[in-house]
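For reference, the structure discussed in these notes is given below.
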Amino acid sequence: MEIWFLLLGGLVLLIVGGELLVRGAVQVATRLGVSPLVIGLTLVAFGTSAPELVTSLQAALANAPGIAYGNIVGSNIANALLIAGVAAIISPMMIASTALKRDGIVMLAVVTAFVAFAFFMPLGRGIGIVFVGALVAYVYLAFRQERSSAPQGHGAIYDKSLALQQTDVGLAPSERLRGSVVVSGLIALGGLVLVILGGRFLVDGAVSLARGFAISETVIGLTIVAVGTSMPELVTSVLAGIRKQGDVAFGNIVGSNIYNILGIGGATALVAPGEVPAEIVGFDNFVMLGVTLLLVIFAWTGLRIGRREGAVLLAGYAAYIYFILP
């Protein structure tokens with residue numbers, strides 16, 4: 001019971017803390033006159049990935065690389081199979097060709113780079129700098145596209161931001177704000193504290209679960225931790241599907257996968273450089289690459305992911321979980 005309390009309590013603190021962190025940060029940035037577009041493409045789009053980021057960083061620092069990198073790889077697999085499958089079954093995803101050509105290819109490229117680097121060498125600080133730098137460049141290019149007078153379809157991180165703001169209007173920049181910037185800052189700080197505590201509880205619970213039930217930390221990271229920290233993506237994609245906004249759901253998934261590799265993977269390599277566990281390098285990384293390619297192919301054929309493809313993706317995730325569980 002203590003182990004499950006740590007796991008569930010950690011997940012709750014991560015999700016609630018991530019919500020407060022982003023909400024407070026958005027309010028502070030709005031009061032400081034930051035552009036709503038900049039807020040959307042940075043704080044909102046990636047702020048709700050704070051649970052995944054903190055969990056991977058704390059796991060890496062606690063010498064649990066299976067949980068740290070299992071969380072990253074498992075989240076990408078869950079996004080491409082579980083979340084995309086559920087969203088497509090609810091409402092077929094219609095994909096803008098320009099967004100697919102840029103963001104889909106970027107997603108495939110960064111996943112391929114991660115797989116290649118992890119196969120041939122440890123993920124050191126040099127690779128971490130490259131990944132984080134690539135994320136900054138990607139956000140900058142997305143910002144330039146969205147600022148243009150006639151953008152040819154919104155990009156993935158814009159759609160991710162839109163999905164989150166539609167799910168929780170408190171995450172959207174607003175001119176009518178109550179309270180002071182100090183109060184907003186305290187909300188953000190409180191959220192950060194909860195995220196850090198939640199990450200510690202989740203990592204401690206995951207390590208204890210692995211030891212108590214003789215399950216590898218990597219499997220726990222790829223399943224319970226990865227799916228738990230991906231709950232915000234699941235909720236926002238499902239709600240976008242219910243609203244018949246399949247393109248937004250697809251962008252939310254693609255944007256999350258790009259950030260998982262470049263942002264979380266890069267930050268983990270910077271803070272705690274080391275080797276990706278051999279079982280992930282030899283199997284799960286290639287599963288991630290394969291399902292990423294499959295998702296892009298499904299999207300490319302007819303510029304839609306229908307219910308039939310969604311069922312295939314869900315079945316694929318069930319098969320993957322069955323295969324890796326002891």
Side-chain angles (χ1 to χ4, degrees), residues 52 66 69-95 100 103-112 114-116 118-119 156 160 215-216 218-238 240-242 246-261 265 276-277 279-326:
E52 291 159 301
Y69 287 106
N71 180 37
I72 296 168
V73 174
S75 291
N76 271 32
I77 293 173
N79 286 342
L81 294 180
L82 173 63
I83 297 176
V86 170
I89 288 175
I90 292 174
S91 177
M93 299 184 191
M94 308 302 295
I95 294 103
L100 174 63
D103 299 305
I105 291 174
V106 169
M107 175 178 65
L108 187 58
V110 300
V111 168
T112 302
F114 179 87
V115 171
F119 188 83
K160 179 174 171 59
I215 303 173
S216 75
T218 300
V219 171
I220 299 298
L222 289 163
T223 54
I224 295 175
V225 175
V227 174
T229 56
S230 294
M231 287 306 296
E233 283 80 8
L234 176 61
V235 172
T236 51
S237 290
V238 166
I242 292 173
D247 56 333
V248 173
F250 181 78
N252 182 41
I253 293 164
V254 172
S256 297
N257 281 8
I258 292 172
Y259 181 73
N260 284 344
I261 297 295
V276 179
E279 55 260 58
I280 293 179
V281 171
F283 178 70
D284 303 285
N285 271 358
F286 291 103
V287 173
M288 176 176 65
L289 180 58
V291 300
T292 301
L293 178 60
L294 179 64
L295 183 66
V296 172
I297 291 173
F298 277 174
W300 205 283
T301 53
L303 297 179
R304 72 190 301 270
I305 300 177
R307 290 188 173 88
R308 183 180 303 175
E309 290 90 346
V312 170
L313 294 174
L314 272 180
Y317 190 70
Y320 169 71
I321 294 298
Y322 177 81
F323 186 84
I324 67 172
L325 287 179

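In this text the structure is predicted, and so the values were computed from the model without any measurement.
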So Tyr317 and Val227, do their side chains get closer than 4.5 Å, heavy atoms only?
yes

Counting C-beta onward and ignoring hydrogens, is there a side-chain heavy-atom pair between Glu52 and Val225 closer than 4.5 Å?
no

Under a plain distance cut-off of 3.5 Å, with no hydrogens placed, do Tyr320 and Asp284 share a side-chain donor-acceptor pair?
yes

For Asn260 and Ser75, test the side chains for any donor-to-acceptor distance below 3.5 angstrom and give the result as yes or no.
no

Looking only at heavy atoms, what is the nearest atom pair of [X] and [Y], with distance?
{"X": "Leu222", "Y": "Ile324", "answer": "CB-CD1, 4.2 Å"}
{"X": "Pro277", "Y": "Thr218", "answer": "CB-OG1, 4.0 Å"}
{"X": "Leu313", "Y": "Ala84", "answer": "CD1-CB, 4.0 Å"}
{"X": "Val291", "Y": "Ala80", "answer": "CG2-CB, 4.0 Å"}
{"X": "Ala87", "Y": "Ser237", "answer": "CB-O, 4.0 Å"}
{"X": "Lys160", "Y": "Ser256", "answer": "NZ-OG, 2.9 Å"}

If you round to the nearest 0.5 Å, how far is [atom2] of [Y] from [atom1] of [X]?
{"X": "Ile261", "Y": "Met288", "atom1": "CD1", "atom2": "CE", "value": "4.0 Å"}
{"X": "Tyr69", "Y": "Asn285", "atom1": "OH", "atom2": "CG", "value": "10.5 Å"}
{"X": "Ile77", "Y": "Leu289", "atom1": "CD1", "atom2": "CG", "value": "10.5 Å"}
{"X": "Asn71", "Y": "Ile220", "atom1": "CG", "atom2": "CD1", "value": "12.5 Å"}
{"X": "Leu108", "Y": "Thr292", "atom1": "CG", "atom2": "OG1", "value": "7.0 Å"}
{"X": "Ile215", "Y": "Leu325", "atom1": "CD1", "atom2": "CG", "value": "7.5 Å"}

Is it true that a side-chain atom of [X] and a backbone atom of [Y] form a donor plus acceptor pair closer than 3.5 Å?
{"X": "Thr229", "Y": "Ala226", "answer": "yes"}
{"X": "Arg307", "Y": "Ala88", "answer": "no"}
{"X": "Ser230", "Y": "Glu233", "answer": "no"}

Can Ile89 and Leu314 be said to form a side-chain contact (heavy atoms from CB on, under 4.5 Å), step by step?
CA-CA 9 Å; Ile89 288 175; Leu314 272 180; 3.3 Å; yes

Hey, mind stepping through Trp300 and Leu295 against side-chain contact (heavy atoms from CB on, under 4.5 Å) and telling me if it holds?
CA-CA 9 Å; Trp300 205 283; Leu295 183 66; over 6 Å; no

Criterion side-chain contact (heavy atoms from CB on, under 4.5 Å) on Val276 and Val73, from CA distance to verdict
CA-CA 10 Å; Val276 179; Val73 174; 5.8 Å; no

Indicate the ring-plane relationship of Phe286 and Phe119, choosing parallel, tilted or perpendicular according to the 30° and 60° boundaries.
perpendicular

Is the shortest distance from a Lys or Arg side-chain nitrogen in Arg304 or Glu309 to a carboxylate oxygen in the other one below 4.0 Å?
no

Decide side-chain contact (heavy atoms from CB on, under 4.5 Å) for Val287 and Phe323; before the verdict, give the C-alpha distance in whole Å, the side-chain angles of both, and the deciding distance to 0.1 Å.
CA-CA 12 Å; Val287 173; Phe323 186 84; over 6 Å; no

